[in-house]
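What follows is a single structure, written as structure tokens, with notes after it.
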Amino acid sequence: MNEEFVARLKREMSEMGISLTGKQTEQFYHYFEMLVEWNKVMNLTAITEMNDVITKHFIDSVSLIRAVKNPAEISGSLVDVGTGAGFPGIPLKIVFPDLDVTLVDSLGKRIRFLETCAEENGLSGIRAIHARAEDFGRMKEHREVYDICVSRAVANLATLSEYCIPLVKKGGLFAPYKSGKLEKEMQMADGAVKKLSGKIENITEFRLPNGDERKIVMIRKMTATPKIYPRKAGTPSKDPLH
């Protein structure tokens, strides 16, 4: 393993209150190597420089630990919607190996990458599913069964909520990762969250080690989401709830 990689990863994880084992450090390094190699033949990420991958992908992904009151809350079943190259789902799985993780993405090529990543890193209790978010949320076997739903997908909060809240069981959490100004987006999403049977509990604001501002919104699932949501493919993004 690259010594600079190991030193930086451990230092920045320590700043998050996370202590990695040797095995976890190896998993992160192999994940980084695979990300760079596969990115040469498919579009996984625009971020491939080592320090940026550590901070903007790995540390950002596990920053969920800053938004929960107790790290023990990051347990049970977790679904990552629009996971792309596996963020934040795979880093969370590496740090919290007992999590049961489901990765969802609409691009088949990415699913092959995710499956290979899980296999080569010895990650059990993780699966990658090829599906559009709207269709996935209507599948009986995935609807209202997850303890936590996370997403770093680029979409407004109202649209993301319609994709994700239907997947969360009563009492569970939806935690979208956001950056930039959020006030207007939060105002627009407030009605959508209520229609989907969620409640915005808090917003955790922090900076990554490189100074980038980040926010994680914690939305609690209160009761069952009405069966009409999510609406048919394309509708949540074209006509967001309000």
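Residues take their numbers from the sequence shown, with the count starting at 1.
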Looking only at atom types and distance, does a side-chain atom of [X] sit under 3.5 Å from a main-chain N or O of [Y], one as donor and one as acceptor?
| X | Y | value |
| --- | --- | --- |
| E120 | C117 | no |
| T159 | P236 | yes |
| D239 | T235 | no |
| H130 | S106 | yes |
| E162 | A158 | no |
| N70 | A72 | yes |
| T116 | R112 | yes |
| S197 | A224 | yes |
| K93 | S124 | yes |

Report the relative orientation of the aromatic rings in F5 and Y29; use parallel for angles under 30°, tilted for 30 to 60°, perpendicular for over 60°.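 F5 vs Y29 ring planes: perpendicular.
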Spacing of [X] atom [atom1] and [Y] atom [atom2] [to the nearest 0.5 Å]:
| X | Y | atom1 | atom2 | answer |
| --- | --- | --- | --- | --- |
| N156 | S237 | CG | OG | 8.5 Å |
| R214 | R152 | CZ | CZ | 7.0 Å |
| T102 | L78 | OG1 | CG | 8.0 Å |
| C149 | I165 | SG | CD1 | 9.0 Å |
| I59 | E15 | CD1 | CD | 8.0 Å |
| I54 | D60 | CD1 | CG | 13.5 Å |

Should [X] and [Y] be regarded as members of a common hydrophobic cluster, given that ILVMFWY residues are connected when their side-chain heavy atoms come within less than 4.5 Å of each other, either directly or indirectly?
| X | Y | value |
| --- | --- | --- |
| I129 | L92 | no |
| L182 | M188 | no |
| V62 | V79 | no |
| I148 | V168 | no |
| I90 | V101 | yes |

E144 and its salt bridge (Lys or Arg N to Asp or Glu O under 4.0 Å) partner, picked from K170, R138, K227, K221: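 Only one option passes, and that is K221.
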Quick check: do [X] and [Y] have side-chain heavy atoms less than 4.5 Å from each other?
| X | Y | value |
| --- | --- | --- |
| M186 | I203 | yes |
| K10 | T25 | yes |
| P97 | Q24 | yes |
| I126 | L99 | no |
| S151 | Y163 | no |
| I216 | R66 | no |

For the student: nearest non-hydrogen atoms of [X] and [Y], plus distance:
| X | Y | answer |
| --- | --- | --- |
| E134 | P230 | O-CG, 3.3 Å |
| L157 | E185 | N-OE2, 2.7 Å |
| L173 | E201 | CD2-OE1, 4.3 Å |
| L241 | A192 | CB-CB, 3.5 Å |
| M13 | F58 | CE-O, 4.3 Å |
| P88 | V150 | CG-CG2, 3.6 Å |

With a 6.0 Å cut-off on the ring centroids, do Y31 and F87 count as close?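 Here the rings of F87 and Y31 have centres that are less than 6.0 Å from each other.
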Should K232 and D135 count as an ion pair when the cut-off is N to O under 4.0 Å?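 No, no charged N to carboxylate O under 4.0 Å.
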Salt bridge check: are E115 and R127 linked by an N-O gap of less than 4.0 Å? no
Contacts under 3.5 angstrom, residues 43-51 side chains, donor-acceptor by atom type, not counting sequence neighbours:
residue, atom, partner, partner atom, Å
T45, OG1, I47, N, 2.9
T45, OG1, I47, O, 3.3
T45, OG1, H57, NE2, 2.9
E49, OE1, N51, N, 3.2
E49, OE1, D52, N, 3.2

Please step through salt bridge (Lys or Arg N to Asp or Glu O under 4.0 Å) for the pair R8 and E12, ending with a clear verdict. CA-CA 6 Å; R8 187 182 186 96; E12 294 193 3; 3.2 Å; yes
Show your working on side-chain contact (heavy atoms from CB on, under 4.5 Å) between L196 and F174 and close with a plain yes or no. CA-CA 11 Å; L196 296 159; F174 167 42; over 6 Å; no
Are there over 12 heavy-atom neighbours, none belonging to M16, within less than 6.0 Å of that residue's CE?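 Yes, because the 6.0 Å sphere around CE of M16 holds more than 12 heavy atoms from other groups.
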Taking atom CD of E33 as the centre, does the number of heavy atoms from other residues, nucleotides or ligands within less than 6.0 Å exceed 12?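 More than 12 heavy atoms, drawn from other residues, nucleotides or ligands, come within 6.0 Å of this atom.
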side-chain contact (heavy atoms from CB on, under 4.5 Å) between R143 and L167, intermediate numbers included: CA-CA 4 Å; R143 190 176 176 89; L167 302 170; 5.6 Å; no
Can you check side-chain contact (heavy atoms from CB on, under 4.5 Å) on H242 and D190, steps first, answer last? CA-CA 7 Å; H242 55 272; D190 188 60; over 6 Å; no
Stepwise, does the side-chain contact (heavy atoms from CB on, under 4.5 Å) test hold for F206 with K215? CA-CA 6 Å; F206 57 94; K215 300 176 181 71; over 6 Å; no
Under the rule for ring-ring contact (aromatic ring centres under 6.0 Å, His included), what residues qualify as partners of F136, not counting sequence neighbours? H142
Quick one about D147 and S77 (side-chain donor to acceptor, distance below 3.5 Å, no hydrogens or angles considered), yes or no? yes
